[in-house]
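Below, chains carry the letters A, B, ... as their sequence lines are ordered, and counting in each starts from 1.
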Number of protein chains: 2
Amino acid sequence: MLMAKEEKERYSANSLVRGLEILKLFSEERPTLSLVEIAKELDVSRTVPFRLLYTLQTLGYLYQDEHTKRYNLTPKVLELGFAYLSTLKLPEIAQPYLEKLRDETGASCHLSILDGHEVVYVGSAAARGVSAVNVNIGLRLPAHAVANGKVQLAYQPQERLNQVLYGSNLTPFTERTKTDFVDFQQELATIREQGYAITKGELHHGIQSVAAPIINRSGQVIAAINLVATDTILHNEFIEKAALPKVLEVSEILSGFMGNHVKN
Amino acid sequence: MLMAKEEKERYSANSLVRGLEILKLFSEERPTLSLVEIAKELDVSRTVPFRLLYTLQTLGYLYQDEHTKRYNLTPKVLELGFAYLSTLKLPEIAQPYLEKLRDETGASCHLSILDGHEVVYVGSAAARGVSAVNVNIGLRLPAHAVANGKVQLAYQPQERLNQVLYGSNLTPFTERTKTDFVDFQQELATIREQGYAITKGELHHGIQSVAAPIINRSGQVIAAINLVATDTILHNEFIEKAALPKVLEVSEILSGFMGNHVKN
DNA sequence: AATTTTGTTTGACAATTTAAAACACGTTTC
DNA sequence: GAAACGTGTTTTAAATTGTCAAACAAAATT
């Protein structure tokens with residue numbers, strides 16, 4: 001993450017680092033892993049992950065298949081993320097509003113927060129039927145290519161923006177993705193003035209999104225809500241007349257709830 | 001988990017153990033923690049968590065407030081649990097069905113799996129309006145007091161049941177909670193015969209629940225779906241005539257999807 | 001049957017972790 | 001305003017671990 005000229009890390013609880021790395025190696029594509037696979041990924045001898053895997057297993061985060069000897073994650077790993085979610089009260093408060101918005105518009109409605117250059121989904125009300133965009137809690141998407149990301153970036157101090165967007169970001173996904181830093185900054189300024197963001201096909205062709213910020217009493221953006229759907233549902237007129245006003249209304253309500261959190 | 005007579009742990013990647021412990025110390029009640037608080041909880045000198053906290057911060061899982069010096073979890077911890085969720089395809093497949101059931105019945109609908117003596121919620125469609133039961137993904141509830149827990153317990157091999165329910169479990173929550181092991185076993189047998197479970201006020205007064213198992217082609221129960229609502233919504237007639245048949249229908253559909261997962 | 005791959009254990013050395021002590025800095029107490 | 005206290009941080013040195021290489025057993029391949 002840190003590009004790093006490596007003064008030398010002050011500390012590095014190595015087994016902690018590696019243990020967490022192991023947990024993160026598991027994915028949809030690789031739901032199970034063997035000792036050797038893990039050792040190769042970490043680029044260490046087999047003994048190292050062997051001991052860590054033993055520990056993770058003892059703690060209950062991993063399960064080893066007796067026959068194949070391969071490792072799986074267990075539901076216990078959810079405890080880790082769950083602790084975080086429960087420190088946020090917002091998703092709980094927002095959920096009924098997300099569902100109301102979804103029902104009134106037919107689009108999927110989400111609640112997300114910003115983490116670096118990515119948005120993280122922390123609440124969701126999926127549209128009925130074959131929804132074009134399938135978002136699960138915990139999903140990360142590049143902030144610069146989604147409306148809820150932009151609207152959160154728009155309210156960041158310039159300094160953080162520079163940090164966050166420095167270097168390899170602004171990756172294009174379609175020909176409509178904004179990739180020029182100066183253009184992008186200008187768009188953010190507009191968004192900040194308007195108080196909302198709209199994206200059209202910047203991450204996927206034909207997918208539109210409308211987003212508004214949730215702002216606490218200190219004026220910080222702490223989250224965003226957005227609607228996403230194909231352009232047949234979220235066409236321009238519908239956005240203007242229906243979707244956008246509703247999103248703004250809800251974002252204001254939710255902003256009202258916030259503010260007792262950060263005590264400066 | 002293993003009751004253990006503690007020969008002496010073969011290995012213990014201590015900093016991994018402690019690091020994960022630290023992440024788990026955060027909760028809704030204690031969203032931020034100080035160094036001293038953490039040191040006390042772990043019962044070690046301040047140096048230990050200091051180094052681990054530094055590491056966790058470097059990895060991005062924690063954030064330290066500059067002024068107060070207190071630590072918070074960051075959204076990055078969701079990555080850990082998210083890896084697990086993405087290894088399960090079921091929640092994704094099930095979501096539209098959960099919502100359909102919710103809409104057709106007015107009750108909240110959930111998908112859960114069994115972890116030891118607890119159920120873990122991995123999918124949810126919350127009822128509109130003021131829902132009596134608020135379930136977020138990752139929530140754990142005692143399996144013996146909820147319908148979705150019972151229906152999963154009912155299909156466990158006897159041996160595992162003994163393990164799981166040994167000792168301090170079968171904790172009562174209301175006067176209707178089953179606490180006698182023999183009674184409970186008998187109820188499980190009935191549930192297994194019926195193919196569904198119904199609970200009435202065993203965890204909370206006035207809250208009813210109907211659950212059915214999701215079974216893969218090897219005959220193992222891998223999850224359960226359930227409906228929960230107050231007894232005014234889920235009254236007996238409605239359960240019989242509407243809720244239960246619908247739940248059973250969906251559980252069969254979802255069972256049909258499963259089975260290519262476990263290759264023995 | 002021979003070879004390779006994988007999981008597991010052991011040994012010896014290097015590296016980290018640990019508690020205690022010491023320091024810096026605010027806060028509180030007297 | 002000085003002394004005592006609580007925290008976060010650094011240093012120290014002894015105890016514990018983590019590490020690689022080597023070796024073995026058991027599968028899986030050839």
When rounded to whole Å, the CD to P distance for the pair A/Glu41 and C/dT6 reads 14 Å
Rounded to 10°, the angle between the first-five-pair and last-five-pair axes of the helix from C/dA1-D/dT30 to C/dC30-D/dG1 is 30°
Walk me through whether B/Leu56 and A/Leu20 qualify under side chain to side chain contact (heavy atoms under 4.5 Å, CB included).
CA-CA 10 Å; B/Leu56 287 170; A/Leu20 290 168; 3.8 Å; yes
Per the under-4.0 Å heavy-atom filter, residues of residues 30-39 of chain A near DNA chain D come out as none
When rounded to whole Å, the CD to C1' distance for the pair B/Gln64 and D/dT7 reads 11 Å
Checklist entry - Could you walk me through whether A/Ile113 and A/Tyr121 pass the side chain to side chain contact (heavy atoms under 4.5 Å, CB included) check? => result CA-CA 7 Å; A/Ile113 56 179; A/Tyr121 287 83; over 6 Å; no
- Hey, does the side chain of B/Lys69 come within less than 4.0 Å of D/dT9's phosphate (OP1/OP2), counting only N and O? yes
Here the distance between atom C1' of C/dC25 and atom NE2 of B/His67, to the nearest Å, is 16 Å
dist A/Ser34:OG -> A/Lys40:NZ (nearest 0.5 Å) comes out at 8.0 Å
Would you mind classifying the nucleic acid contact of A/Arg70 as base, sugar-phosphate or nothing, using non-hydrogen atoms under 4.0 angstrom?
nothing
B/Arg51 atom CZ is separated from D/dT11 atom P, nearest whole Å, by 12 Å
For A/Asn162 and A/Gln158, does a side-chain donor sit closer than 3.5 Å to a side-chain acceptor?
yes
Here the distance between atom P of C/dT18 and atom OH of B/Tyr54, to the nearest Å, is 17 Å
Side-chain atoms of A/Arg46 come closest, of D/dC20, D/dA23, C/dT18, to D/dA23
In whole angstroms, the gap separating P of D/dT19 from CG of B/Asn14 amounts to 13 Å
query = Under 3.5 Å, is there a donor-acceptor pair linking the side chains of B/Thr32 and B/Asn72?
reply = no
Those residues at least two apart in sequence (or on a different chain) that pass side-chain hydrogen bond (donor to acceptor under 3.5 Å, both in side chains) with A/Glu79 are B/Lys24, B/Arg140
The residue, A/Tyr71 or A/Ala13, whose nearest nucleotide of DNA chain C is more 5′ is A/Tyr71
Taken to the nearest 0.5 Å, the spacing of B/Leu23 CG from B/Leu62 CG works out to 6.0 Å
Q | More than 12 heavy atoms of other groups within 6.0 Å of A/Arg160 CZ | A | no
A/Gln57 atom CD is separated from C/dG7 atom C1', nearest whole Å, by 12 Å
A/Leu52 CG to D/dC20 P, in whole Å, measures 11 Å
Comparing nearest nucleotides in DNA chain C, the 5'-proximal residue of the pair A/Thr47, B/Val44 is A/Thr47
Cationic N near anionic O, under 4.0 Å, B/Arg30 to B/Glu41: yes
